[in-house]
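Written out below as structure tokens is the structure these notes cover.
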Amino acid sequence: MTALKNDTFLRALGRKQTDHTPVWIMRQAGRYLPEYRELRAEAGSFMALCTNPELACEVTLQPLRRFELDAAILFSDILTIPDAMGLGLNFTTGQGPSFERPLRSAKEIENLPRIDPEDDLPYVMAAVKKIRLALDGKVPLIGFSGSPWTLATYMIEGSSSKTWARAKALIFEEPALAHKLLGHLADAVTDYLNAQIRAGAQVVQIFDTWGGALPWAEYREFSLAYMQRIVDGLIRENEGRRVPVILFSKGCAHQLSAIADSGCDAAGVDWTMRLTEARALCADRIALQGNMDPAILLTNPETIRRYVKQTLDDYGSGPGHIFNLGHGITPDVPPENLGCLVDAVHEFSKG
């Protein structure tokens, strides 16, 4: 593979000194870009983009042509694993993802197949390979998956939910069955991320989008424990470099000390906690990623620059910060506002 020209992101993940704070944005390839919307219209659907390696590669590269980002992230979806298990993933405009065959019985959970990601999700691995070649060493490539708990919520509910009542009922009423499902998904995520690493992903992130829906103890038992199991099973060195792992549990800033104990290299932090406090909880054991509120990108350049500086100041001096939002960029953000953010991060963090 081509030598990496910009390794600032990888250095920050290793808590090494960098000449500026690296920045990438969750969902940086997507609906806020007019070129993405045009390509999706041509493809016909979101899944048509995801399952076409050439188009997934193009979408991944689109934000890098506009902005001086320090990392690329694979264009895909967190729900590819349950789709490969036969649940029938669909996306409806304005409603989000849904499954044709959600899990409704113990038998359905027990009969979930073990997938081989290279055979059952070949389009993802082909996309990773194409993106690495197209990047030509410009910046590192991030691969990703949903966490077992987050995958389980969608698989049980059948779609998004405000309460996740079915999924939470399973862990409260039938914890043994919940552990069976989560263990199966942890094995699948481990295999999936390792396949992405072998295909060329240089960093992997686990999105625990709904970890914050769980009570304190249940988060550790039914979410974090399975992410730690995945971390323990991942390829941690490839192409002569360490492969860092980022855990992002939305709504779980109060759990950062335990997250730091998981073996991950970095934790994503949402906007509900100052990075100063997050750093104290982690005691500088891991890098931190975040954490500006995405809604700030709907304001104006002066406000964006002010909050960028505030976020950098909140982290303070020393290595180990990756600038990001506290969650994904929203579709209504003007692209020029993201450009303002990226430029401000580099400007304020240099020197």
Side-chain angles (χ1 to χ4, degrees), residues 8-9 11-15 18 20-28 30 32 63 67 69-71 73 78 142 144 147 150 203 205-213 219 223-224 227 244-260 262 264-299 303-330 333 337-349:
T8 309
F9 176 50
R11 291 181 62 80
L13 285 169
R15 305 198 72 258
T18 58
H20 68 270
T21 299
V23 54
W24 72 278
I25 300 299
M26 288 184 281
R27 294 181 183 162
Q28 67 188 24
Y32 72 103
F67 316 115
L69 295 155
D70 293 289
I73 183 165
I78 63 170
I142 306 165
F144 70 91
S147 72
T150 292
V203 180
Q205 175 158 313
I206 301 173
F207 284 89
D208 187 33
T209 311
W210 300 116
Y219 168 77
S223 183
L224 183 57
M227 290 193 287
V245 182
I246 307 167
L247 301 187
F248 175 62
S249 281
K250 186 172 179 287
C252 296
H254 57 292
Q255 301 278 11
L256 277 170
S257 181
I259 292 170
S262 70
C264 67
D265 297 272
V269 184
D270 65 27
W271 60 87
T272 59
M273 176 178 281
R274 289 187 64 187
L275 288 177
T276 304
E277 297 168 355
R279 194 171 177 183
L281 279 175
C282 294
D284 281 341
R285 287 173 288 159
I286 58 173
L288 293 176
Q289 180 173 276
N291 68 334
M292 201 177 86
D293 188 332
I296 293 165
L297 285 175
L298 296 172
T299 62
T303 302
I304 291 166
R305 286 173 60 83
R306 174 160 53 90
Y307 274 96
V308 165
K309 189 170 190 310
Q310 177 181 300
T311 303
L312 292 168
D313 289 346
D314 277 349
Y315 185 83
S317 61
H321 182 211
I322 299 100
F323 198 102
N324 209 309
L325 302 178
H327 200 229
I329 187 171
T330 54
V333 167
N337 284 5
L338 179 55
C340 174
L341 178 149
V342 173
D343 291 345
V345 172
H346 288 162
E347 176 188 341
F348 293 141
S349 65

Is a side-chain donor-acceptor pair under 3.5 Å present for H20 with D70? yes
Distance-only donor-acceptor pairs under 3.5 Å for side chains of residues 317-326, two or more places apart:
unit_1 : atom_1 : unit_2 : atom_2 : d
H321   : NE2    : G290   : O      : 2.9
N324   : OD1    : M26    : N      : 3.0
N324   : ND2    : W24    : O      : 2.9

Any sub-3.5 Å donor-acceptor pair from Q310's side-chain atoms to Y307's backbone N or O? no
If you define the side chain from C-beta out and look only at heavy atoms, does anything of R27 sit under 4.5 Å from T330? no
Under the rule for salt bridge (charged side-chain N to carboxylate O under 4.0 Å, His left out), what residues qualify as partners of R15, not counting sequence neighbours? D284
Any sub-3.5 Å donor-acceptor pair from S349's side-chain atoms to V345's backbone N or O? yes
Shortest non-hydrogen contact between L341 and M292, atoms and distance: CD1-CE, 3.3 Å
T18 side chain vs A12 backbone, donor-acceptor pair below 3.5 Å: no
Return the set of residues passing salt bridge (charged side-chain N to carboxylate O under 4.0 Å, His left out) with R11 (not counting sequence neighbours), or none when no residue passes. none
Which atom names give the shortest non-hydrogen contact between A278 and L256, and what distance separates them? CB-CD1, 3.5 Å
Is any side-chain heavy atom of R306 closer than 4.5 Å to a side-chain heavy atom of I296? no
Side chains of L288 and C282 in contact at under 4.5 Å (non-hydrogen atoms): yes
With D270 via salt bridge (charged side-chain N to carboxylate O under 4.0 Å, His left out) - residues at least two apart: none
May I ask you to decide if I259's main-chain N or O and S262's side chain share a donor-acceptor pair within less than 3.5 Å? yes
How close do P244 and D265 get, counting heavy atoms only, and between which atoms? CA-OD2, 3.2 Å
Heavy-atom closest contact (N291 atom, V269 atom, distance): CB-O, 2.9 Å
E347: what forms a salt bridge (charged side-chain N to carboxylate O under 4.0 Å, His left out) with it, not counting sequence neighbours? R305
Using modelled atom types only, decide if a donor and an acceptor are shared between the side chain of N337 and the backbone of L297 within a distance under 3.5 Å. yes
Can you find a pair of side-chain heavy atoms, one from F9 and one from V203, that are under 4.5 Å apart? yes
Taking the side chain from T276 and the backbone from Y315, do they hold a donor-acceptor pair closer than 3.5 Å? no
Selection residues 245-255 - residue pairs positive for side-chain hydrogen bond (donor to acceptor under 3.5 Å, both in side chains), sequence neighbours left out: D208-S249, Y219-S249, R220-Q255
